[in-house]
Amino acid sequence: MFPRAFFLAALALGAAAVPSRRAMAVHESRADPRGFVNTGAASSDTEITLRIQMAHTNMAGLEELAYDIATPSSANYGNHLTVDELTDFVKPTEATSSAVLEWLSENNIESTVISPAGDTLSITIPVSQANELLDTTFSVFSHLDSGKTMIRTLAYSIPTSLQGHIDLVYPTLSFVRPQAIPKFTSHKSRREVKRDIEQRMIVHEGRAVPSSCTETITPTCLQDIYGIPSAPGTQASNSLAVSGFIEQFANQADLKEFLTSFRPDIPSSTTFKLQTVDGGSNPQTRSEAGIEANLDTQYTVGVATGVPTSFISVGENNADGLDGFLDIINFLIKGPTRPLVLSTSYGFDEDELTLSEVTSLCNAYMQLGSLGTSILFSSGDGGVSGSQSQSCTTFIPTAPSGCPFVTSVGATQGFPETAASFSSGGFSNFFPTPSFQSADVASFLSKLGNTNSGKFNASGRGFPDVSFQGVNFEIAFDTEEGTVDGTSCSSPSFASVIALINDKLLAQGSSPLGFLNPFLYSTGRSALNDITSGDNPGCNTNGFSAGTGWDPVTGLGTPNFAALLAAAGA
Ligand SMILES: *[C@@H]1O[C@H](CO)[C@@H](O)[C@H](O)[C@H]1NC(C)=O
């Protein structure tokens, strides 16, 4: 008995000396991350920056409204919110912010507000204090393939009194692997190749397309294939942006060379504006150009003729890849340079992140979409194995393609168009099938029968939503010309189509398209060419197959510009 009594006495003494500890409960935990190894506890005096995402005043109400204003049959269609209206939904309640601030001040922690609605706080504290605050042990994890290390944990707690006030604390359980970028295949003899075959024309969807487009894709090929106009847009208030991460820089001289070769009908001085977030930059040394950044800027400036275009470079002043993804959205929500269309050719495998992290990201896209921005993402380049080819036993959905508020773009190739085999598609494990696609998903699943059964989540959100050519795209890179493949080609190009449709909508005084999916799955559907062949193998299977109607390889299909314009009411 003696040791026990002694222990209790010691506890009582301790309680008198320090403020009573709050009751804690595990808030989030995760399984061991694929591809990482725990190399031991993080040193206690290392400072880490954590973000606290507080609960919102009314996210469910915002979600309902976001769908309403994006649904063509609604009386409210196109009535995008103002930032003030948005803030009323997103800001934390008084009770939430005072409860969270009291907890931090009790621990002598100062915080900074880092989101426009005040719902996200940033704190920088030593590991020892973070361990105590969240009742956890932060460790150093190493990514086996790259050697990249990060301080993370597999579970953390928050005071039970703050349950319902805190959505999540991050980065805690995210294990973001290095982003993959498309490979560039340089070629020197393109012009000769092209001259040989340029004489012939082939017919695609009733339009004449030069046979050179079967060899390599250029902006003029895309104009011919999809009926995209070459005439410049006329609306100065129109805008299109591409995001840049991982120090991928977009080179102006490469763009000029690209336009000279592939859009000789527009001034080769046509360019993009630079915006920066998190200390981003865009140095112009030619050898520092990034394949992804060049591809994204060349296929927006080169396809969305005359549309004011920005390259948004997100720097490394954030704790991990996920933070940068959130920071760019908060930056755009705040304005004043919010684009009407945003394309991103970077992403994650869903299992790199947790449900609450992906939900936070998806909430941010919902907010930006409700302000009137169309958000497009490449679906990934690993077929059903995720963002890149990798070994797997069950299919790996990509993120944020599983978020219903983004439009996920897969890749096609050739004439007639067929699915590109690398085009990622499948079903989210985090987001349920949204109502706008539930009939399509049900119809696909009934045709699928038992194929791939147990390898994917049949109640998840299906992706991609649409597709676009994505193989053998000509780009200029580091003074050379050559080709790249990937859904990274498809997303900025599809985004350019949406920007050109917005141009016509703005010209007639209509609202821009904003959050696209409810439109695409209803009135927009007939304006998309259904792609019915090809599949997306991975995880030692043939993956899914494209077929009649929506499928998780090519989505609803590729655009027919004139029909899409009519469907949009322009
Ligand atoms: C499948 O998706 C549903 C809907 O999003 C989700 O609730 C469920 O947890 C998922 N199952 C698995 C095994 O991930």
Side-chain angles (χ1 to χ4, degrees), residues 26-36 53 59-60 62-64 66-67 154-155 163 167-168 170 172-177 322 347-366 369 375 377 379-380 382-387 390-408 424-465 515 517-518 521 536 538-541 543-544 550-553 555:
V26 172
H27 189 61
E28 283 194 277
S29 62
R30 65 162 297 150
D32 282 343
R34 274 189 302 123
F36 287 84
Q53 176 61 57
M59 203 45 96
L62 178 63
E63 176 164 350
E64 202 175 304
Y67 277 118
L154 298 180
Q163 288 171 335
D167 281 355
L168 74 154
Y170 65 94
T172 44
L173 314 182
S174 56
F175 288 86
V176 173
R177 294 184 286 270
L322 176 68
F348 311 98
D349 288 334
E350 226 176 38
D351 66 0
E352 293 175 57
L353 307 169
T354 64
L355 171 62
S356 49
E357 286 166 339
V358 184
T359 301
S360 232
L361 203 50
C362 191
N363 282 341
Y365 298 133
M366 187 207 303
I375 303 170
F377 272 88
S379 70
V384 291
S385 77
S387 57
Q390 57 192 313
S391 72
C392 37
T393 50
T394 54
F395 297 170
I396 302 174
T398 61
S401 280
C403 167
F405 292 94
V406 309
T407 298
S408 173
S424 290
F427 297 86
S428 171
N429 287 318
F430 288 158
F431 298 97
T433 315
S435 63
F436 63 74
Q437 66 169 192
S438 55
D440 290 284
V441 167
S443 153
F444 173 80
L445 291 175
S446 80
K447 282 180 281 183
L448 182 67
N450 288 330
T451 308
N452 298 328
S453 159
K455 295 198 179 288
F456 70 98
N457 190 330
S459 56
R461 185 291 208 235
F463 70 97
D465 299 299
F515 166 37
N517 293 348
Y521 283 83
N536 57 359
C539 308
N540 295 312
T541 72
F544 295 111
W550 178 89
D551 52 68
V553 193

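Computed from a predicted model, the values in this text were never measured in an experiment. For ligands, and for the atoms within them, numbers begin at 1 and follow the listed sequence.
In this structure, atom 5 (O) of ligand 1 has protein heavy atoms in its sub-4.0 angstrom surroundings.
Legend: residues meeting side-chain hydrogen bond (donor to acceptor under 3.5 Å, both in side chains) with D551, ordered by chain and number and at least two apart, are T554. Under the ring-ring contact (aromatic ring centres under 6.0 Å, His included) criterion, F430 pairs with no residue, sequence neighbours left out.
The closest side-chain donor-acceptor pair between S408 and D465, if any, does not fall under 3.5 angstrom.
Atom CG of L154 sits about 11.5 Å away from atom CZ of F36, to the nearest 0.5 Å.
When each atom of ligand 1 is checked for a heavy atom of F431 under 4.0 Å away, the hits are 5 (O). Close contacts between ligand 1 and F430 involve ligand atoms 5 (O) [criterion: under 4.0 Å to a heavy atom]. Within ligand 1, counting atoms from 1 as listed, the ones closer than 4.0 Å to a heavy atom of P432 are 4 (C), 5 (O).
Nearest heavy-atom pair across S446 and S443 is OG-O, 3.1 Å.
Both the backbone and the side chain of N429 come within 4.0 Å of ligand 1, counting heavy atoms alone.
Protein heavy atom in closest approach to atom 10 (C) of ligand 1: N457 ND2, 2.4 Å.
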